[in-house]
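All values derive from a computational prediction rather than experimental measurement. Letters go in sequence order (proteins before strands), and every chain restarts at 1.
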Amino acid sequence: MKQQQLEILSNEPLAAGIWRMVLLGDTSDSAPGRFAELRLPGEFYLRRPISVCDAREDRLTLVYKTVGRGTRRMTELVPGQEIEALTGLGNGFDLSRARDGAVLAGGGVGCAPLFLLARRLREAGCPVTAVLGFNRADEIFYEEEFRALGVRVEIATLDGSRGTKGFVTDAMPGIAGSLYVCGPQPMMKAVWRRARAAGQYSLEERMGCGFGVCMGCSIQTAGGSRRVCADGPVFAGEELLWND
Amino acid sequence: MERLKTTLCGIPLDNPVIPASGTFGYGEEFAALYDINCLGTFSFKGTTAQPRFGNPTPRIAECTAGLLNAVGLQNPGVEAVIGEILPRMKTYFHKPVMANVSGFSVEDYAGACEKLGREPQIGWLEINISCPNVHGGGMSFGTDPKAAAEVVAAVRRVTEKPLIVKLTPNVTDITEIARSCEAAGADGISLINTLLGMRIDPLRRRPVLQRTMGGFSGPAVFPVALRMVWQVYEAVKIPVVGIGGIASAEDVIEMMLAGACAVEIGSENLVRPTVCKDIIDGLPAVMDRLGIAKLEDIIGGAHGWEKM
Ligand SMILES: Cc1cc2nc3c(=O)[nH]c(=O)nc-3n(C[C@H](O)[C@H](O)[C@H](O)COP(=O)(O)OP(=O)(O)OC[C@H]3O[C@@H](n4cnc5c(N)ncnc54)[C@H](O)[C@@H]3O)c2cc1C
Ligand SMILES: Cc1cc2nc3c(=O)[nH]c(=O)nc-3n(C[C@H](O)[C@H](O)[C@H](O)COP(=O)(O)O)c2cc1C
Ligand code: FES
């Protein structure tokens with residue numbers, strides 16, 4: 001974990017309700033599946049956890065969905081402004097599991113953390129398929145960016161406005177290779193039900209600290225209690241209790 | 001630095017800054033950020049006789065200048081704290097540490113305190129009496145002067161270590177509880193624990209916290225905490241530790257003027273992880289500005305102001 005001031009280089013809409021912020025700072029601790037906690041200017045007491053979407057040299061890319069007051073406030077931040085952040089939080093995805101090929105399943109803004117993962121896997125020569133699910137065509141982001149990495153991309157939309165009509169699971173090819181999943185809880189559960197294979201799932205919980213001290217984000221797992229922020233956010237599918 | 005020194009129940013502190021229970025874990029994560037030996041001491045996560053997972057999530061809700069938590073005393077239990085955590089703590093913290101203890105019966109408290117009290121690294125036992133009393137109809141020990149005194153007396157019998165009783169603010173008269181704890185043998189009082197609060201998600205029309213209500217803390221509660229420290233300082237003779245909403249060196253001084261001989265900093269650690277070190281580093285300059293030579297000189301210094 002590092003506490004640092006990041007300078008905003010750009011902040012612009014990517015798709016309906018989805019924004020991208022590029023920040024300048026030390027990205028040496030930004031690995032796929034890890035997250036940063038942003039301290040927003042104004043009346044916000046707690047920091048906002050946002051996953052690393054990409055990190056190249058001194059540039060950190062975050063992709064976020066406007067869901068509440070904090071993420072709406074984020075859209076008002078302008079280039080040149082500084083933002084205080086804790087970076088390098090969480091365990092991140094384990095890339096060593098993917099040798100013969102990886103299947104990345106993302107739902108909505110949950111596709112964002114899969115991008116750096118896809119890039120690193122491709123750099124290691126691993127074949128990657130990304131199954132990206134959205135509600136509607138106008139919410140799709142990063143399709144071309146994934147393809148540019150040499151990733152096979154399958155799109156699913158709930159309303160059928162693009163790609164396969166239905167859920168991510170409807171567009172999943174026969175599982176070949178290691179599975180990496182990030183998205184809303186029901187989507188992850190559906191993927192787990194379908195796959196039942198070893199896979200890595202990135203979870204979300206409301207956080208107090210984001211670095212393991214408050215027990216605000218604890219969940220029960222097969223191996224006992226775990227903090228989503230410090231022991232996760234990435235967990236093996238078989239560790240999770242899917243019964244709620 | 002001499003001028004920051006203070007004493008807590010007979011044990012000297014290099015400075016009055018103490019991270020509060022539940023917001024500092026066992027110090028390990030913070031030790032990776034700064035040398036936590038700069039602290040006066042710290043109060044580690046509330047320990048219970050048995051391991052506890054705590055409440056279902058969401059356990060955290062935000063509010064203006066603070067947060068609500070419904071963690072539910074998650075901890076590995078007293079045996080694991082003694083067997084696994086304390087031996088590791090020795091490697092990164094070299095001062096007496098404060099053990100925060102919770103329980104759901106008088107026997108729980110006494111059992112856990114007896115075990116922890118035998119550990120040489122424990123300087124103080126801080127008993128959190130905000131917990132529901134399962135044998136007393138679920139009413140919190142800390143809202144009933146008799147139940148509070150019973151816990152204090154039982155713990156007093158099993159340990160020689162300084163006993164600090166941590167009070168809940170969710171009472172009509174905080175001084176009554178404080179006096180009752182003093183009479184039962186407490187060596188100090190710390191306050192306040194969290195205020196009972198809640199938030200509702202207007203879109204989903206349900207409470208944000210899975211447990212509906214939770215404990216409210218953070219800068220927003222500072223005036224309430226200060227008021228209660230002021231009242232308790234006037235009501236008892238034993239030392240008072242001020243807790244609640246402290247976020248700056250100025251806040252520390254205000255708390256000490258109200259009567260605190262030391263302070264605990266909670267929520268602010270979660271959002272500004274280096275806050276305790278920053279406050280310690282910042283105190284001398286603030287003292288210079290306010291004409292304070294030594295912190296110990298100002299404890300309770302605002303009382304009797306009408307006659308000054
Ligand atoms: C490890 C992790 C990684 C994340 N990565 C991303 C990402 O890359 N892109 C993205 O758009 N979102 C991500 N999220 C979700 C994001 O943190 C929330 O959408 C955001 O905090 C909402 O803030 P708000 O003020 O707009 O919403 P409000 O509902 O107004 O927020 C109120 C409080 O609830 C918390 N909160 C609300 N929703 C969530 C949630 N889903 N998860 C955790 N806390 C929440 C807020 O942080 C805040 O403390 C991530 C969450 C976690 C835990
Ligand atoms: C996440 C969280 C967990 C807490 N856990 C405990 C605990 O285990 N025992 C205890 O006595 N107090 C606990 N507290 C209360 C704090 O120690 C402190 O009394 C309170 O938060 C007020 O101080 P603050 O406003 O500086 O946070 C907790 C507070 C928070 C925010
Ligand atoms: S958010 Fe504090 S422990 Fe995870």
Interatomic distance, [X] atom [atom1] to [Y] atom [atom2] [nearest 0.5 angstrom]:
X	Y	atom1	atom2	value
A/Met215	B/Asn55	CE	CG	14.0 Å
B/Thr57	A/Ile219	OG1	CD1	8.0 Å
B/Asn69	A/Arg206	CG	CZ	14.0 Å
B/Leu67	A/Met207	CG	CE	14.5 Å
A/Cys217	B/Arg59	SG	CZ	8.0 Å
B/Phe30	A/Met1	CZ	CE	7.0 Å

Derivation and outcome, salt bridge (charged side-chain N to carboxylate O under 4.0 Å, His left out), residues B/Glu62 and A/Arg69
CA-CA 11 Å; B/Glu62 194 188 38; A/Arg69 287 202 317 186; 5.4 Å; no

Show your reasoning for whether salt bridge (charged side-chain N to carboxylate O under 4.0 Å, His left out) applies to A/Arg227 and B/Glu29.
CA-CA 13 Å; A/Arg227 301 159 301 179; B/Glu29 290 80 4; 3.2 Å; yes

Interface moiety of B/Leu203 toward chain A, non-hydrogen atoms closer than 4.5 Å
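The answer is neither part of B/Leu203.
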
Kindly give the heavy-atom pair with the smallest separation between [X] and [Y], and that separation in Å.
X	Y	result
B/Val71	A/Cys214	CG2-O, 3.4 Å
B/Leu270	A/Gly208	CB-O, 4.0 Å
B/Gly218	A/Tyr45	CA-OH, 4.2 Å

Audit row: A/Leu46, B/Ile60, side-chain contact (heavy atoms from CB on, under 4.5 Å) steps and yes/no:
CA-CA 10 Å; A/Leu46 298 176; B/Ile60 301 284; 3.7 Å; yes

When B/Glu268, B/Glu28, B/Lys45 are compared by non-hydrogen pairs under 4.5 Å with chain A, the top option:
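Looking at each of B/Glu268, B/Glu28, B/Lys45 in turn, B/Glu268 comes out on top.
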
Can you confirm whether the side chains of A/Glu43 and B/Thr64 place a donor and an acceptor under 3.5 Å from each other?
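A/Glu43 vs B/Thr64: no donor-acceptor pair found between side chains.
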
Using modelled atom types only, decide if a donor and an acceptor are shared between the side chain of A/Arg47 and the backbone of B/Val271 within a distance under 3.5 Å.
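Yes.
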
